[in-house]
Protein chains: 2
Amino acid sequence: MESEELRNVGLKVTTPRLKILSFLESAKEKHMTAETIYRKLVDSGEVIGLATVYRALTQFEAAGLITRHHFEGGQTFFELERGPHHDHIVCIRCGRVEEFYDKMIEERQREIAEKLGFTLSDHAMTLYGECSGGCPAAKP
Amino acid sequence: MESEELRNVGLKVTTPRLKILSFLESAKEKHMTAETIYRKLVDSGEVIGLATVYRALTQFEAAGLITRHHFEGGQTFFELERGPHHDHIVCIRCGRVEEFYDKMIEERQREIAEKLGFTLSDHAMTLYGECSGGCPAAKP
DNA sequence: CTTGCACATGAGAATCGTTATCATATATAT
DNA sequence: ATATATATGATAACGATTCTCATGTGCAAG
Ligand SMILES: [Zn+2]
Ligand SMILES: [Zn+2]
Ligand SMILES: [Zn+2]
Ligand SMILES: [Zn+2]
């Protein structure tokens, strides 16, 4: 239950927070902006404020429930922190986002950080390219 | 000469552009925000507009003279595109930025993109951690 | 089940980084 | 030197995010 999740991370169980959390869980898109999350909730008849969405997302992130990604174009995307860590590849044409995990790269990153005298705590890796084949925005 | 650089990429040689370009070349910091570049120029007595700095940086990037990085916190950093490609590791304490290049990771990225049906055109990889040893912000 | 209170909410104002507008100034080709 | 297309700087406008504050609500104590 989402209520449990909130309680577990020390957040009061409130209606807006539940709405956001369960929306994220049921949404088709895994990666969305705050604005999008807000719009979709409002469009589906919910009464919620944009400020509340931003606040909740920030708290969820601090609590480790969601992750924030800074993709190109300055847009910030959020996604539920479910399952194992992964990185992203984004189509520069249609915006499609695919996920991947590469053990070798992850290990290499740790080695690099160590060699440079850093204690690695996080990383952001996003590849950009054009998705061939199914890219709906591809030129003929 | 910086004038040559501008001409080579098809940009008119203007005083503001020269100021920005030579400042970037002489600056101690390799990675700076637009705001910082503007401030330092103004503080050193130059007469230049913030809009001009943003415009020039955008043009320089399009021309391949500089690179734009989106580090954590939504801040955008620029750096002269000198020497070979590299990625970054940033200290979450003091903000220090170190550069690195790892052939294995670069190759792997290309393979991953290909496997997922993408034509890789770019990537962003930034590691975050705490710089041990010389970190001026480290706790005692 | 009430009740009290700390905390959360929503509407809108405020702020931040960035881009657009526009009248003026300047670089380059003639 | 002159013409013309382009660049500049001040400022307004903008989109994304955060802040403010009056009101509403979760929840624990009684
Ligand atoms: Zn993801
Ligand atoms: Zn695509
Ligand atoms: Zn660099
Ligand atoms: Zn440090």
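No experiment lies behind these values; they were computed from the predicted model shown. Here is the naming used below: chain letters follow the sequence lines, and residue numbers restart at 1 for every chain.
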Does any donor-acceptor pair link the side chain of A:Arg17 with the base of D:dG26 at a separation under 3.5 Å?
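A donor-acceptor contact between them is absent.
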Does B:Glu81, at its CD atom, have more than 12 non-hydrogen atoms belonging to other residues, nucleotides or ligands within less than 6.0 Å?
yes
Given atom [atom1] of [X] and atom [atom2] of [N], what is their separation to the nearest angstrom?
{"X": "B:Arg7", "N": "D:dA7", "atom1": "CZ", "atom2": "C1'", "answer": "16 Å"}
{"X": "A:Gln75", "N": "D:dT17", "atom1": "CD", "atom2": "C1'", "answer": "13 Å"}
{"X": "A:Gln59", "N": "D:dT18", "atom1": "CD", "atom2": "P", "answer": "12 Å"}
{"X": "B:Leu18", "N": "C:dT28", "atom1": "CG", "atom2": "P", "answer": "9 Å"}
{"X": "B:Lys12", "N": "D:dT8", "atom1": "NZ", "atom2": "P", "answer": "9 Å"}
{"X": "B:Arg39", "N": "C:dT18", "atom1": "CZ", "atom2": "P", "answer": "14 Å"}

What I'd like to find out is whether the side chain of A:Ile112 reaches to under 4.5 Å of the side chain of B:Ile89, using heavy atoms alone.
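A:Ile112 vs B:Ile89: side chains apart.
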Stepwise ring pair (Phe, Tyr, Trp, His ring centres under 6.0 Å) check, A:Phe71 with A:His88:
CA-CA 9 Å; A:Phe71 292 162; A:His88 302 88; 5.6 Å; yes
Heavy-atom nearest nucleotide on DNA chain C for B:Leu11 versus A:Gly49: which residue maps closer to 5'?
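The 5'-side residue here is A:Gly49.
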Is the shortest side-chain N/O distance from B:Thr76 to OP1 or OP2 of C:dT18 below 4.0 Å?
yes
Under 4.0 angstrom, heavy atoms only, what part of the nucleic acid is A:Thr14 near: base, sugar-phosphate, or nothing?
sugar-phosphate
